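Down below is the structure, laid out as structure tokens.
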Amino acid sequence: MHTYESLAAPILAAFPELTAADLVFAPAPKVEIADVALRTFEPAKKLGMAPPQLATKIRDGVTFGPDVTAVSLAGPYVNFKLDRGAFGRGIVARILSEHKQYGSNRSGAGKRALVEHTSINPNASPHVGRARNAMIGDSLVRLLRFEGYDVETHYYVNDIGRQIALLVLACDDPATLTFDEMLDLYASANARAEQDAAFAEAGFELLAKIEQGDAEVKKKFFAVTELCLQGQLAVLGRLGIRYDRFDRESDFVKDPRLDKILDALREKGALFTDEEQRLSVDMCQIGHPQYPANEGRYVALLRSNGSSMYVYRDVAYTIEKMSKGADLNLIVLGEDHLMYMQQIALILAAAGMGAPEPIYYSYILLKEGKMSTRQGKVVLLSDFLDEATARAAERVEEQCQELPEVERKAIAEHVAVAAIRFAILRVGANKNVIFDWDASLSFTGDTGPYVQYSCARISSILRKLNAPLPESPRADFPVESNAEWALLSKLAAFPDTIANAAAAHSVAPVAQFVLETARLFTTFYHECPVRDAPSEAQRIARGHICLATRITLENALGLLGITALERM
RNA sequence: GCGCCCGUAGCUCAGGUGGAUAGAGCAACGGCCUUCUAAGCCGUAGGCCACUGGUUCGAGUCCAGUCGGGCGCGCCA
């Protein structure tokens, strides 16, 4: 049952052409103007009349129930004054009963989704730039699961490139190394390959061997990449990020399903052998726009010695993912992969196959400019988390002295995670983010820790209530201040926010919602005492508002991968 | 050179498929803790929404161009 059902029903009865989806109820720009407002742009368009005309007809021609106390117009908007107690009670009742499900529209019920994200090269420790992929992907997975999708998360392990071959050459026994030592080893091996042609050539020989199925070599590659992978997962795990499947690139060097692709390309005259005897695709034969500079026109699939190029393996892997038949197939990619993914999609389309829907994100920049591993200008995720946890721990030491040490440590870590996840996720994916270390560590203002702080305050209030709250709101539910109503109507808008986020495949609106809700709660907190409310009915109603806010924030933060703390 | 993305307060960002007086935070200035956690709240100040032209009753939002930033453009993955 929709929150504003009793407003929508009489309108729908008067205009049978409309459906509930056409009617968008939202808070007015200021609470003083109206308790809730209806936009008439969408329904007016459907009815073929001017928005203000429809608004007038709704005001004059529709009879509303007793819980609507006034209907007025502001051009294309219909403004309603409501019996706030009745609506507030309905909002709270719904939140308490739906609880962990509140906000979900179940748009994915009965559907399966496959999401690939992160998939970073093994020879690097995750920095905040790469982690943007992981955070966006992980939050998307959480959002889809919340909407009812059965989601499988995949991580593509790049275990067969030239860089891995060099690492294998340089590393005698991976079992004796840590992840960090392995990274140092990679740096030196890479440098050597640039000077030492024989060393580089040995790397390619190793690659050829693993493609021929040399068991011994494959074992070595596996050992090296597995150690790296575990090192990466340890860091990502601190952010609460997990995966269901790890798909290894080396399993896709020879895939019989690719024959069908090659046949289709050949048939379209797109396949040719280039001047260096590589099997290549002329993308312009299969729908790639012909740019003046032949941009991205030619793609090599196989080297002259028959060994596979990355495109070849990626096409095979994509076929594998698509063959799982998920209703929704997503891949999170940096903007640098845009054209590459288009090429993969075109190659597959030539054989009548589909490709995943890409979610692109832009790079994170530093104030000093781009991140650069070579110049050491990177912010490693582990370094940030260590520093942020230490900062947070100082505050927790002061404010939670009654808690045991382990618990305080856990709180500090949760705060650190909230800081970085919120800072990244609240920005639209297609915008460059300027990472500012100081701002990210400040924990004040529009931050994850601020929202967590609101949650801790709510929990504190609920702990200190003299008597337990009834399971559902009482009939007598006074809502006397604008602060209370503004908060309630925000809570009521949560399912719409989730619907928008799910449709847009972006969790950024959820981050925005969480901030606005926390701010409205804080205003309420300062203006409306709960424990010492003027009346028993108000004490209970406000207690229920707190509880409903807590549930909503907890659900929303959960989608961002942030823990709603009890204390901090 | 060509393609994609971005340009909103000094700084970092919000601004449903065009619509109510463009909103937050940080930094600055002035207030508020014997009162449910001051990681907070209230107030002041700060905007030719990059620029130019167009479409529209109406443009931060759509179109074209200019300028500025990011990314990409066959033997790395």
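None of these values were measured; they are calculated from a predicted model. A note on names: the letters A, B, ... follow the listed sequences, proteins ahead of strands, and every chain is numbered from 1.
Figure legend. B:C73 is base-paired to B:G1; pairs are counted as Watson-Crick or G-U wobble with both atom distances under 3.5 Å. Pair assignment for B:U35 gives none, since no Watson-Crick or G-U wobble pairing has each distance under 3.5 Å. Using N1 to N3 plus N6-O4 or O6-N4 for Watson-Crick, or N1-O2 and O6-N3 for G-U wobble, each under 3.5 Å, B:C48 pairs with nothing. Look at B:C29: its Watson-Crick or wobble partner, with both distances under 3.5 angstrom, is B:G43. Base pairing of B:U21: no nucleotide in any strand meets the Watson-Crick or G-U wobble criterion (both distances under 3.5 Å). As the counterpart of B:A59, no nucleotide is assigned, since no Watson-Crick or G-U wobble pattern has both distances under 3.5 Å. Nucleotide B:G7 has B:C67 as its partner under the Watson-Crick or G-U criteria, with both atom distances under 3.5 Å.
B:G16: glycosidic angle within 90° of 0, hence syn. Shown here, B:C49 is classed anti by the O4'-C1'-N9-C4 or O4'-C1'-N1-C2 angle, which is more than 90° from 0. With its glycosidic angle within 90° of 0, B:G74 is assigned syn.
Put simply, the side chain of A:H154 reaches to within 4.5 Å of the side chain of A:Y317, judged on heavy atoms.
Side-chain atoms of A:N121 lie closest to B:A77 of the nucleotides B:A77, B:C41, B:A20. For A:T522, the listed nucleotide lying nearest its side chain is B:C41; candidates were B:C41, B:C36, B:C71.
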Letter by letter from the 5' end, nucleotides 9-19 of chain B scores (B base, S sugar-phosphate only, - none; protein heavy atoms under 4.0 Å) ---SSS-BB-B

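Remark: the separation of the P atoms in B:A22 and B:G60 is 10 Å, to the nearest Å. Comparing B:A64 with B:C29, their C1' atoms are spaced 45 Å from each other, to the whole Å.
With the nearest nucleotide of RNA chain B identified for both A:Y453 and A:V78, A:V78 has the one nearer the 5' end. Of the two residues near RNA chain B, A:E566 and A:A37, the one whose nearest nucleotide lies more 5' is A:A37.
Between A:Q232 and A:N121 the shortest heavy-atom distance is NE2-O, 2.9 Å.
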